Each structure stands twice: as C-alpha cells, then as structure tokens.
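Quick notes on the structure that follows.
Computed from a predicted model, the values in this text were never measured in an experiment. The figures here come from the full heavy-atom set of this structure, side chains too, leaving out hydrogens, waters and symmetry mates. Just follow the structure's listing: the first ligand is 1, and inside any ligand the first atom is 1.
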Amino acid sequence: MSSGIVIIPTYNEIENIESIVRAVFSLEKTFHILIVDDNSPDGTAQKVVELQTEFSEKLFLEVRKKKSGLGTAYVHGFKWALQRNYEFIFEMDADFSHNPKDLERLHEACLNGADLAVGSRYVIGVNVVNWPLSRVLLSYFASVYVRMITGMKIMDATAGFICYKKHVLETINLDKIKFIGYAFQIEMKYRAFAKKFNIQEVPVIFTDRTKGQSKMSGAIIKEAVFGVLSLRIKKFFNRL
Ligand SMILES: Nc1nc2c(ncn2[C@@H]2O[C@H](COP(=O)(O)OP(=O)(O)O[C@H]3O[C@H](CO)[C@@H](O)[C@H](O)[C@@H]3O)[C@@H](O)[C@H]2O)c(=O)[nH]1
C-alpha cells in the first residue's frame with residue numbers, strides 16, 4: 001500500500017528528473033509520484049515516459065500545454081490525486097532542494113495529528129544551504145511579512161515541501177486558488193489556517209539546487225507582496 005502521492009511540478013528539470021524519481025522510490029515507505037510537466041522543451045516529460053516502463057504502477061505523468069506556473073500545476077495535481085482517493089498528498093520540488101528522505105517525516109507528522117505538515121526552514125534559526133544571502137533574506141523576511149499581515153504563526157510561509165491530508169484539499173475550494181507563483185504556497189497555508197486546520201512545521205534543511213535553474217522572477221515576488229494583502233482583505237470580508 002502506498003503512503004501517499006508525491007506531486008512534483010516540473011519545468012526544464014531534465015538534469016534532475018531521473019534521480020529524484022529514483023530517490024523517492026528507494027525510500028523505506030512506498031510513495032507514488034505524479035509529475036506535472038509544462039511541456040518542458042528539454043524533454044523532461046519524455047524521460048518520465050521512459051521511466052514509466054520501469055515503474056508503471058507508481059509513476060504518473062500529466063503534461064500541460066505550456067508553462068503556466070507552479071500554483072496551477074499543483075492544483076491540477078491535487079484534483080488528479082483526489083479523484084484517485086489518495087489519503088496523503090505531498091508537494092515537493094524536483095531539484096533536491098527538498099531532501100526526499102524528509103517525505104517520511106512529513107508523513108509521520110500527519111499520521112500523528114497534523115492536518116498539514118510543512119517542511120520548514122526557519123523553525124530553529126535558518127536552515128538553508130547554498131542560497132545567496134539576498135535570496136535567504138528575501139525568503140526569511142517574506143515569512144515575517146506574511147506573519148505580520150495574516151496573523152498566521154508559520155515560520156516558513158513560502159515553503160513548498162508539504163504533506164496534506166486528503167480532507168484538507170477536499171475542504172479548501174481548489175477552484176478559488178488565485179495565485180500561480182510562490183504566492184500560491186502562502187495562499188494554501190492561509191486558506192488552511194482560515195479553516196482552522198492543524199498546521200505543524202517539521203524542521204528541514206533546504207539545499208539550493210546544483211543542477212538546472214530556479215524559475216524565480218520579479219513577477220513572482222510582486223504577486224506575493226500584493227497577494228498577501230489581498231488575501232487578508234478577503235478574509236476580513238469573509239470572502240476567502
Ligand atoms: N509545471 C511547472 N513547474 C514549475 C513551474 N515553475 C517552477 N516549477 C517547478 O517547481 C519546482 C520549484 O521551482 P524552483 O524555480 O526550483 O523554485 P525555487 O526558486 O528553488 O523556490 C523554492 O523556494 C520558494 C520560495 O521559498 C518556494 O515557494 C518553492 O516551493 C521552492 O521551494 C521545480 O520542480 C520547478 O521545476 C511552472 O511554471 N510549471
């Protein structure tokens with residue numbers, strides 16, 4: 001029996017895809033994987049199709065027409081996973097910035113009472129390896145900003161390494177998710193917080209990718225800054 005489905009959004013992850021798939025399948029617990037690829041020009045999806053001949057019953061692929069953002073890729077994956085009745089649904093990056101071994105710790109946290117377990121870099125100090133100082137500061141102060149505006153007690157608001165229990169994703173109206181970049185991560189946590197789900201942070205070490213490139217951009221930062229304010233206003237008017 002599987003311990004859940006790990007959704008991995010990909011855009012140009014040819015250098016990482018095979019090793020991340022193998023790393024997840026070599027864990028003690030059994031996880032299934034869904035790759036949501038945005039028609040990566042580098043052939044990421046074709047590599048997944050090759051790997052499916054080896055892992056036919058536990059590796060799944062959804063290919064979308066074009067690059068449409070991390071948030072909509074996850075929403076697509078969540079709907080896919082809910083239709084197949086997975087009890088635990090995970091978010092993880094393709095590039096090893098999240099250590100696949102921590103999937104087991106996130107799963108344990110959800111087995112022990114959390115509705116949502118967040119792999120968090122900032123529970124005790126700052127656990128980020130190899131990011132330039134500017135990116136660490138941006139990420140850290142983004143979380144401070146989110147805490148100030150929203151009142152959520154989460155130390156790592158933009159974390160993208162998460163285990164959701166199925167009922168969380170069934171309760172949050174996925175069709176209402178507005179953000180497509182990393183603001184999506186804040187929005188998901190805020191909607192779960194507004195529904196009073198038990199959110200637990202599990203300390204993890206985040207290591208910057210050594211292969212491929214981040215898709216971070218100015219537009220993504222702008223979306224997060226204004227997005228948090230708009231979420232707070234919506235909650236105030238009970239329209240979240
Ligand atoms: N399908 C799809 N996947 C995407 C897209 N944009 C990014 N991805 C995938 O989403 C994952 C994360 O993207 P990165 O671009 O590597 O993220 P990062 O800069 O390392 O950002 C990290 O920090 C953010 C802020 O703290 C986090 O929000 C994010 O999850 C991640 O941990 C990778 O697997 C990447 O291929 C997209 O438009 N479409």
Side-chain angles (χ1 to χ4, degrees), residues 6-21 23-24 33-45 47-48 60-78 80 90-100 102-103 106 118-122 126-132 134-146 154-163 177 179-190 201 204-225 227-228:
V6 183
I7 302 173
I8 307 181
T10 54
Y11 191 73
N12 284 346
E13 298 290 357
I14 191 71
E15 292 168 276
N16 292 305
I17 194 69
E18 178 165 3
S19 8
I20 197 79
V21 164
V24 173
I33 300 178
L34 169 67
I35 305 291
V36 183
D37 185 70
D38 280 0
N39 212 354
S40 301
D42 71 353
T44 303
K47 178 48 91 180
V48 177
F60 306 96
L61 171 67
E62 289 282 288
V63 182
R64 305 192 303 166
K65 282 206 185 83
K66 62 179 175 60
K67 187 173 185 322
S68 311
L70 167 122
T72 60
Y74 272 124
V75 170
H76 184 99
F78 293 156
W80 186 99
F90 297 77
E91 285 186 22
M92 190 175 83
D93 291 353
D95 58 1
F96 285 91
S97 51
H98 303 141
N99 184 342
D102 290 329
L103 286 168
L106 296 176
V118 177
S120 176
R121 298 165 277 204
Y122 309 125
V126 175
N127 288 294
V128 176
V129 180
N130 283 348
W131 253 2
S134 55
R135 183 79 203 262
V136 178
L137 292 174
L138 181 68
S139 168
Y140 185 82
F141 285 105
S143 285
V144 174
Y145 171 71
V146 171
I154 293 182
M155 296 305 288
D156 192 350
T158 60
F161 196 18
I162 296 175
C163 177
I177 299 295
F179 297 115
I180 58 168
Y182 305 149
F184 160 81
Q185 304 293 8
I186 303 169
E187 181 174 15
M188 286 301 293
K189 293 178 191 76
Y190 197 42
E201 288 187 272
V204 297
I205 296 175
F206 178 102
T207 309
D208 193 21
R209 57 165 79 231
T210 53
K211 292 178 180 155
Q213 276 176 358
S214 163
K215 282 88 200 170
M216 178 63 143
S217 68
I220 282 174
I221 298 174
K222 202 167 142 197
E223 182 191 54
V225 172
V228 175

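Under the 4.0 angstrom criterion for non-hydrogen atoms, Gly69 is in contact with ligand 1. The closest approach between a heavy atom of Glu91 and any atom of ligand 1 is not below 4.0 Å.
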Trace of the salt bridge (Lys or Arg N to Asp or Glu O under 4.0 Å) decision for Lys215 with Glu13: CA-CA 11 Å; Lys215 282 88 200 170; Glu13 298 290 357; 3.0 Å; yes
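Within the set Gln185, Gln213, Met216, Arg135, the minimum heavy-atom distance to atom 24 (C) of ligand 1 is found for Arg135. One option in Val136, Asp93, Leu138 has a heavy atom closer to atom 29 (C) of ligand 1 than any other, and that option is Asp93. Comparing Thr10, Ile186, Asn16 by heavy-atom distance to atom 3 (N) of ligand 1, the nearest is Thr10.
Under 4.0 Å from ligand 1, the heavy atoms of Phe206 that appear belong solely to its side chain.
In this structure, a donor-acceptor pair under 3.5 Å is present between the side chains of Tyr122 and Ser139.
Summary of contacts: the protein heavy atom closest to atom 18 (P) of ligand 1 is Tyr182 OH, 3.4 Å. At the shortest separation from atom 35 (C) of ligand 1 among protein heavy atoms lies Glu13 OE2, 3.3 Å.
For residues 33-44, the salt bridge (Lys or Arg N to Asp or Glu O under 4.0 Å) pairs, not counting sequence neighbours, are Asp38-Arg64.
Every residue meeting the side-chain hydrogen bond (donor to acceptor under 3.5 Å, both in side chains) condition with Asp102, not counting sequence neighbours, appears here in chain and number order: Arg105.
Under a 3.5 Å cut-off, the side chain of Glu201 and the backbone N or O of Gly119 do not form any donor-acceptor pair. A donor-acceptor pair under 3.5 Å is formed between the side chain of Thr72 and the backbone N or O of Ser68.
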